[in-house]
Enquirer: 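Okay, handing you the structure first.
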Amino acid sequence: MNGAADPFLNGDHLLAALAALASPQRLRIVAALHAQGRNYISQLARELGISRPLLHLHLQKLEAVGLVSSTLELSLDGKALNYFAVTPFALALTPQSIAEAARSLTAKA
């Protein structure tokens, strides 16, 4: 992660990332983007067999925690296409990493 501290060692961020991944559809989205590389919403929605609005909501959750990223580009015919790609990440869940993350939790509940 470009020399910066691992955000997944932060308890709040780890919980958010795990929550974002706690969906079969979002796991399929990450898997599809990993296998194909970047893709735009309409094409990805067709390939996964889900609606564009629902896909967009899932992608927003994944992007909010840094698991995917997006770029808006113009096609040759002037159409705006929002491309998504997996952001390189690694989640190592060990008792030690969980203990480190738990020390930084801000939520008490």
Enquirer: Do Leu33 and Leu27 belong to the same hydrophobic cluster, where Ile, Leu, Val, Met, Phe, Trp and Tyr are linked whenever their side-chain heavy atoms lie under 4.5 Å apart, directly or via other members?
Expert: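 Yes, Leu33 and Leu27 fall within the same hydrophobic cluster.
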Enquirer: In chain order, what residues pass the side-chain hydrogen bond (donor to acceptor under 3.5 Å, both in side chains) check against Ser97, with sequence neighbours excluded?
Expert: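 Result, side-chain hydrogen bond (donor to acceptor under 3.5 Å, both in side chains) vs Ser97: Thr94.
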Enquirer: Please examine the side chains of Leu14 and Leu105, heavy atoms only from C-beta on, and report whether any two atoms are closer than 4.5 Å.
Expert: no
Enquirer: Name the residue from Ile29, Val30, Val68, Leu48 that meets the side-chain contact (heavy atoms from CB on, under 4.5 Å) definition with His58.
Expert: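 By the side-chain contact (heavy atoms from CB on, under 4.5 Å) criterion, His58 pairs with just one of Ile29, Val30, Val68, Leu48: Ile29.
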Enquirer: Considering non-hydrogen atoms only, spot the tightest contact between Ala45 and Leu55 and give its length.
Expert: N-CD2, 3.4 Å
Enquirer: Give a yes or no answer on whether the side chain of His13 reaches the backbone of Val65 with a donor-acceptor pair at less than 3.5 Å.
Expert: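 Yes, His13 side chain to Val65 backbone: donor-acceptor pair under 3.5 Å.
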Enquirer: In chain order, what residues pass the side-chain hydrogen bond (donor to acceptor under 3.5 Å, both in side chains) check against Ser51, with sequence neighbours excluded?
Expert: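 Not a single residue meets the side-chain hydrogen bond (donor to acceptor under 3.5 Å, both in side chains) criterion with Ser51.
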Enquirer: I'd like to check the ring pair (Phe, Tyr, Trp, His ring centres under 6.0 Å) partners of His34; sequence neighbours left out, ordered by chain and number.
Expert: none
Enquirer: If we only count heavy atoms from C-beta on, is the Ile41 to Phe84 side-chain gap below 4.5 Å?
Expert: yes
Enquirer: Go through it in stages, so that I can follow the logic: the residues are Leu81 and Leu74, the test is side chain to side chain contact (heavy atoms under 4.5 Å, CB included), and I'd like the CA-CA distance, side-chain angles, deciding distance and then a yes or no.
Expert: CA-CA 6 Å; Leu81 299 174; Leu74 291 178; over 6 Å; no
Enquirer: Once side-chain hydrogen bond (donor to acceptor under 3.5 Å, both in side chains) is applied, do any residues pair with Gln43, and if so which ones, sequence neighbours excluded?
Expert: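 Here the qualifying residues are Arg46, Glu47.
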Enquirer: Ala17 and Leu67: which non-hydrogen atoms are nearest, and at how many Å?
Expert: O-CD1, 4.2 Å
Enquirer: Going through the distances and angles, do Asn82 and Leu59 end up as a side chain to side chain contact (heavy atoms under 4.5 Å, CB included)?
Expert: CA-CA 11 Å; Asn82 199 4; Leu59 287 166; over 6 Å; no
Enquirer: Taking atom types as modelled, is there a side-chain donor on Glu63 or Ser70 under 3.5 Å from an acceptor on the other?
Expert: yes
Enquirer: Given Leu21 and Arg26, is the side chain to side chain contact (heavy atoms under 4.5 Å, CB included) satisfied, shown in steps?
Expert: CA-CA 6 Å; Leu21 290 170; Arg26 288 193 287 271; 5.6 Å; no
Enquirer: Apply side-chain hydrogen bond (donor to acceptor under 3.5 Å, both in side chains) to Glu100 and list each qualifying residue two or more places apart in sequence or on a separate chain.
Expert: Gln96
Enquirer: Do Ile50 and Leu44 share a hydrophobic cluster (ILVMFWY, side-chain heavy atoms under 4.5 Å, transitive)?
Expert: yes
Enquirer: Given Leu62 and Thr87, is the side chain to side chain contact (heavy atoms under 4.5 Å, CB included) satisfied, shown in steps?
Expert: CA-CA 10 Å; Leu62 292 167; Thr87 303; over 6 Å; no
Enquirer: Looking at Asp12 and Thr106, would you say the former's side chain and the latter's main chain have a donor-acceptor pair under 3.5 Å?
Expert: yes
Enquirer: Please list, chain by chain and in numerical order, all residues satisfying side chain to side chain contact (heavy atoms under 4.5 Å, CB included) with Arg38, sequence neighbours excluded.
Expert: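 Applying side chain to side chain contact (heavy atoms under 4.5 Å, CB included) to Arg38 gives Thr71, Glu73, Tyr83, Ala85.
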Enquirer: Same cluster or not: are Leu18 and Phe89 linked, directly or through other Ile, Leu, Val, Met, Phe, Trp or Tyr residues, by side-chain heavy atoms under 4.5 angstrom apart?
Expert: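 Leu18 and Phe89: one cluster.
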